[in-house]
Amino acid sequence: MKKNMGWKELWHGDSVPAGTAKEFQTGDWRSERPVFCAENCIHCYFCWIYCPDSAITLDENKKVSGIDYRYCKGCGICDVECPTKKDKRAITMEAERK
Amino acid sequence: MPTLAKTGNEAMAEAMRQINPDVVAAYPITPATEVVMIFSQFVADGLVDTEYVAAESEHSAMSACVGAASAGCRVMTGTSSQGLQLMSEILPIVSALRQPIVLCEVNRALSGPINIHCDHSDTMAVRDFGWIQIFSENAQEAYDSVLQAVLIAEDEKVRLPAMVTTDGFIISHCMEKIETMEDDAAKKYIGEHKVKNSILNLEKPITLGSLDLQDYYFEHKMPVVEAMKQAKDVIVKVGKEFGQKFGREYGLLEEYKLADAEFAVVALGSTCGTTKAVVDELRNNGLKAGLLKVRVFRPFPGEEIAQALSKVKAAVILDRSDTYCNQGGQLYTEIRSAMYEAAKKPLLANYIYGLGGREISLEGIRQIYKQLQECQSSGQVIHFGVRE
């Protein structure tokens, strides 16, 4: 979207084009980050469907391939929902600054 | 045209039936209960195609209305008093989203103390939310204005929500003779709903209700300012065309024997009917009395009122609500403000009357005209008809 539009240029009724959240990278809000371990992933897609920021990436074969840190806010929902066992976690949370 | 005996609530419900909105979401409240109760019976009997949402509160009702309007539906609802207040968080969202929702509002006092009878506190409390506000003198006007409100609200230049009000019990529950349109004529008059925005339109996906901070909020309020300016002409145009088609013309104001009047009463709603009777009586006695009925409160017809009052010696502004600002009621403060630039200013007094349904009788209006003739200076605010 164009910046600093005047009110006469705005779309009708307080509406804005859909999908503008793409332009708003919320990754810098993160204090913790999910770290993905590909070999432990069972591709159940729980993290993918639960992620509120659509930040779980899939590869060309539609398999879970990692985290898009441009958008991941570090909320940890993927870690909570990930069903993998304790010693074989596909997602673990780590502090951004140790 | 069918001539029917209808209460104000029945008249509004009848207009809703003929409008046949896509969605009505409501929660019943006295004295507006029957508007949506009768309408829900129309739904149950299959007389309308409406999806009726029986919400768990007025807050939910208006929220459901916003959802339905966002999907591109023609939407209506009805409420009163506390119900309108519970909706009030959502009301400015409706105008900001430019959704032409039409609300049948029955004027009732606000708690507390708790009271179910007529005054205008509820409607006045939401006057600054970007809604068009139309008052009715009787059931006929309520019926006519609900139909017109759809055309006004949906006009390309306006696209604002509108509330049409009646006075609780005085109009809402009293039966009068009204003329209605044939169903076909009403359907033709209302026409198809033109969808401006729909969140269900996948060809043009939109976001509604996004976060809007220092950078854009101000810009997003301006279209409402502009639409409200445009609304004045549209209301006049729609009212005139209604007159041409159905014989009853409407405007922002109605002047009753005002052209040569020396003493005028300015009022909203059902009290105008009472005042007309007194004006006739006083005219027979040789007093040049007149009435200025304010039909539309939002947008406020300030210039038109100043013009209409320019020739009278003195005018009483009747307010059936108080602002508690120590400067008088809503109608008075706005008229006084509108008169500031006027070349000719009559003496103005404010009578706040009828709170909580306190009756305003013919004798009361006679007294007001009598006191008006003795009025020597502007600016008096009098609470009329209250015991000390």
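Fair warning: this is a prediction, and the values are worked out from it, not measured in the lab. Labels below follow one simple rule: chain letters A, B, ... track the order of the sequence lines, proteins then strands, and each chain is numbered from 1.
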* Is there any residue in residues 200-235 of chain B with a non-hydrogen atom under 4.5 Å from a non-hydrogen atom of chain A, and which ones are they? -> B:Lys204, B:Pro205, B:Ile206, B:Thr207, B:Leu208, B:Gly209, B:Ser210, B:Asp212, B:Tyr216, B:Glu219, B:His220, B:Met222, B:Pro223, B:Glu226
* To do: Count the heavy atoms of every other residue, nucleotide or ligand shown that sit under 6.0 Å from CZ of A:Phe46, and state whether that count exceeds 12.
  => no
* To do: Answer yes or no: does atom CD of B:Glu51 have more than 12 heavy-atom neighbours from other residues, nucleotides or ligands under 6.0 Å?
  => no
* Do other residues, nucleotides or ligands put more than 12 heavy atoms under 6.0 Å from A:Tyr50 OH? -> no
* To do: Name, in order of residue number, those residues of residues 6-38 of chain A that have a heavy atom at a distance of less than 4.5 Å from a heavy atom in chain B; otherwise write 'none'.
  => A:Gly6, A:Trp7, A:Leu10, A:Trp11, A:His12, A:Gly13, A:Asp14, A:Ser15, A:Val16, A:Pro17, A:Ala18, A:Gly19
* Atom OH of B:Tyr27 with >12 non-hydrogen neighbours under 6.0 angstrom -> no
* **Residues of residues 80-101 of chain B with any heavy atom under 4.5 Å of a heavy atom in chain A** => B:Ala96, B:Leu97, B:Arg98
* Is any residue of residues 59-70 of chain B within less than 4.5 Å of chain A by heavy atoms, and which ones? -> none
